[in-house]
Student: 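Got a structure for you, written out below as structure tokens; questions coming shortly.
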Amino acid sequence: MEKGLILWFTGLSGAGKTTISKVVAEKLKQRGQKVEILDGDIVRENLSKGLTFSKEDRDINIRRIGFVAHLLSRNGVVAITAAISPYKAIRNEIREMYDNFIEVYINAPLEVCEQRDVKGLYAKARSGEIKNFTGIDDPYEPPDNPEITCCTDQESLDESVAHVISSLEKYGYLT
Ligand code: ADP
């Protein structure tokens, strides 16, 4: 592939963004593609260290991720972003600004994500220990027309990964 992509994962905490992005990255690498993952949790420890979860700081965080994804993708890398990115407007801003933007909605009902509680954060949000937690006391705005949707409460990990890869093939991004 000459040109890279921005593969923009969005979804609630625990929906499966990190898990799916890692396996998709491996599959793409096996096909000889250069790949980088910008994982939300890791970005917040580095590029966006010190930012809060206010609307303003969330937007700054997402713009930074978008910018770095753009730098990578224009150099032939598939930049996979795996951050909640709860606000529709800012995701659409990134979509308008940069080429080859593909939105991947990692969809699982809040109840399922909360049941999984991979990082124990939903329990903390429910008890009030952490504030502004997406889905609990902060909004999540699902995409209207994502290029790809994975319903991780209905699919196995392998099925979700296969769906992402086959969709990229269908859109002509993979040969
Ligand atoms: P996120 O990055 O969106 O916060 P994680 O990837 O950390 O979410 O956690 C998702 C959890 O859901 C993992 O424990 C994973 O094993 C589980 N899971 C169940 N089905 C799927 C699926 N189809 N795709 C991805 N994850 C799944």
Side-chain angles (χ1 to χ4, degrees), residues 5-30 35-49 51-55 57-59 61-62 64-66 68-69 72 78-88 90-91 94 101-127 129-144 146-170 174:
L5 299 176
I6 300 176
L7 206 52
W8 192 283
F9 285 45
T10 176
L12 293 170
S13 177
K17 301 178 297 299
T18 297
T19 308
I20 297 172
S21 66
K22 283 182 181 162
V23 185
V24 167
E26 284 315 310
K27 298 270 180 215
L28 293 175
K29 282 181 197 167
Q30 284 165 14
V35 184
E36 189 60 76
I37 299 177
L38 293 160
D39 188 81
D41 292 336
I42 297 168
V43 166
R44 279 191 172 271
E45 284 298 309
N46 297 277
L47 184 64
S48 289
K49 199 171 178 69
L51 291 185
T52 70
F53 289 88
S54 69
K55 166 89 168 61
D57 276 7
R58 284 179 186 273
D59 285 353
N61 180 48
I62 294 309
R64 286 182 186 172
I65 293 174
V68 176
L72 290 163
V78 176
I80 304 179
T81 74
I84 297 172
S85 41
Y87 293 106
K88 202 192 296 186
I90 187 94
R91 292 194 307 266
I94 307 286
F101 177 94
I102 298 171
E103 196 168 29
V104 187
Y105 179 27
I106 306 299
N107 186 6
L110 176 66
E111 302 72 49
V112 172
C113 296
E114 189 166 2
Q115 186 74 38
R116 289 176 182 161
D117 209 2
V118 190
K119 298 164 218 157
L121 295 175
Y122 283 97
K124 287 185 180 168
R126 287 289 183 198
S127 73
E129 194 182 321
I130 54 175
K131 298 266 176 243
N132 303 115
F133 194 72
T134 300
I136 306 296
D137 57 352
D138 224 47
Y140 178 78
E141 300 171 354
D144 291 328
E147 281 77 5
I148 305 173
T149 299
C150 296
C151 295
T152 67
D153 59 323
Q154 294 161 35
E155 304 164 1
S156 68
L157 172 59
D158 284 351
E159 286 170 333
S160 296
V161 169
H163 178 54
V164 174
I165 299 288
S166 65
S167 301
L168 291 176
E169 287 169 346
K170 189 186 83 185
L174 292 177

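Read the numbers this way: they start at 1 and go in the same order the structure lists the ligands and their atoms. Scope of the values below: all heavy atoms of this structure, side chains included, with no hydrogens, waters or symmetry mates.
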Student: Classify the side-chain pair Thr18/Asp39 by whether it contains a donor and acceptor separated by less than 3.5 Å.
Tutor: yes

Student: I'd like to check Thr10 versus Arg91 (side-chain heavy atoms, cut-off strictly below 4.5 Å). Are they in contact?
Tutor: yes

Student: Return the residue, atom name and 0.1 Å-rounded distance of the protein heavy atom closest to atom 4 (O) of ligand 1.
Tutor: Gly14 N, 2.7 Å

Student: Quick check on Ala82 - does any of its heavy atoms sit under 4.0 Å from an atom of ligand 1?
Tutor: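 It does not, in that no heavy atom of Ala82 comes within the 4.0 Å cut-off of ligand 1.
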
Student: Just heavy atoms, cut-off under 4.0 Å: does Thr18 contact ligand 1 by side chain, backbone, both, or neither?
Tutor: both

Student: Tell me which protein heavy atom sits closest to atom 20 (N) of ligand 1, plus the residue, atom name and distance to 0.1 Å.
Tutor: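 For this ligand atom, the closest protein heavy atom is Thr152 O, 3.5 Å.
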
Student: Below a 4.0 angstrom heavy-atom separation, can you tell me which part of Ser156, side chain or backbone, both or neither, approaches ligand 1?
Tutor: backbone

Student: With a cutoff of 4.0 Å, is Ser13 in contact with ligand 1, counting heavy atoms of the residue only?
Tutor: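 True for this residue.
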
Student: Is the closest side-chain heavy-atom distance between Thr149 and Cys151 below 4.5 Å?
Tutor: yes

Student: Looking at ligand 1, would Ile84 count as a contact under a 4.0 Å heavy-atom criterion?
Tutor: no

Student: Determine, stepwise, if the pair Phe9 / Ile20 fulfils side-chain contact (heavy atoms from CB on, under 4.5 Å).
Tutor: CA-CA 9 Å; Phe9 285 45; Ile20 297 172; 3.7 Å; yes

Student: Out of Thr19, Val161, Leu12, who gets a non-hydrogen atom closest to atom 6 (O) of ligand 1?
Tutor: Thr19

Student: Which residue and atom name correspond to the protein heavy atom nearest atom 23 (N) of ligand 1, and how close is it?
Tutor: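 Atom 23 (N) of ligand 1 sits closest to the protein heavy atom Glu155 O, 2.8 Å.
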
Student: Within the structure, is a non-hydrogen atom of Glu159 found at a distance of less than 4.0 Å from ligand 1?
Tutor: no

Student: If you take all heavy atoms of Ala83 and Ile65, which pair is closest and at what distance?
Tutor: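 Nearest pair, atom of Ala83 first, then Ile65: CB-CD1, 3.9 Å.
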
Student: Looking only at protein heavy atoms, which one is nearest to atom 14 (O) of ligand 1, and what is the separation?
Tutor: Val118 CG2, 4.0 Å

Student: Any chance the side chains of Arg58 and Thr134 put a donor and an acceptor closer than 3.5 Å?
Tutor: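 Yes, Thr134 and Arg58 have a side-chain donor paired with an acceptor closer than 3.5 Å.
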
Student: At less than 4.0 angstrom from any non-hydrogen atom of Lys119, what atoms of ligand 1 do you find?
Tutor: 4 (O)

Student: Any idea which heavy atoms bring Asp117 and Tyr122 closest together, and the distance?
Tutor: OD1-N, 2.8 Å

Student: For Leu157 and ligand 1, answer yes if some heavy atom of the residue is under 4.0 Å from a ligand atom, otherwise no.
Tutor: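 For ligand 1, residue contact (heavy atoms, under 4.0 Å) with Leu157 is present.
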
Student: With a cut-off of 6.0 Å (strictly less than), are more than 12 heavy atoms of other residues, nucleotides or ligands near CD of Glu169?
Tutor: yes

Student: Ile80 versus Ile6: any side-chain heavy-atom pair under 4.5 Å?
Tutor: no

Student: Check each heavy atom of Ile20 against ligand 1 and say whether those closer than 4.0 Å belong to the side chain, the backbone, both or neither.
Tutor: side chain

Student: If you apply the rule salt bridge (Lys or Arg N to Asp or Glu O under 4.0 Å), what do you find for Glu26 with Lys22, and how did you get there?
Tutor: CA-CA 6 Å; Glu26 284 315 310; Lys22 283 182 181 162; over 6 Å; no

Student: How far is atom 8 (O) of ligand 1 from its nearest protein heavy atom, and which residue and atom is that?
Tutor: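 Here the closest protein heavy atom is Gly16 N, 3.1 Å.
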
Student: Among all protein non-hydrogen atoms, which one is nearest to atom 19 (C) of ligand 1, and what is the separation to 0.1 Å?
Tutor: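 That would be Arg116 NH2, 3.4 Å.
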
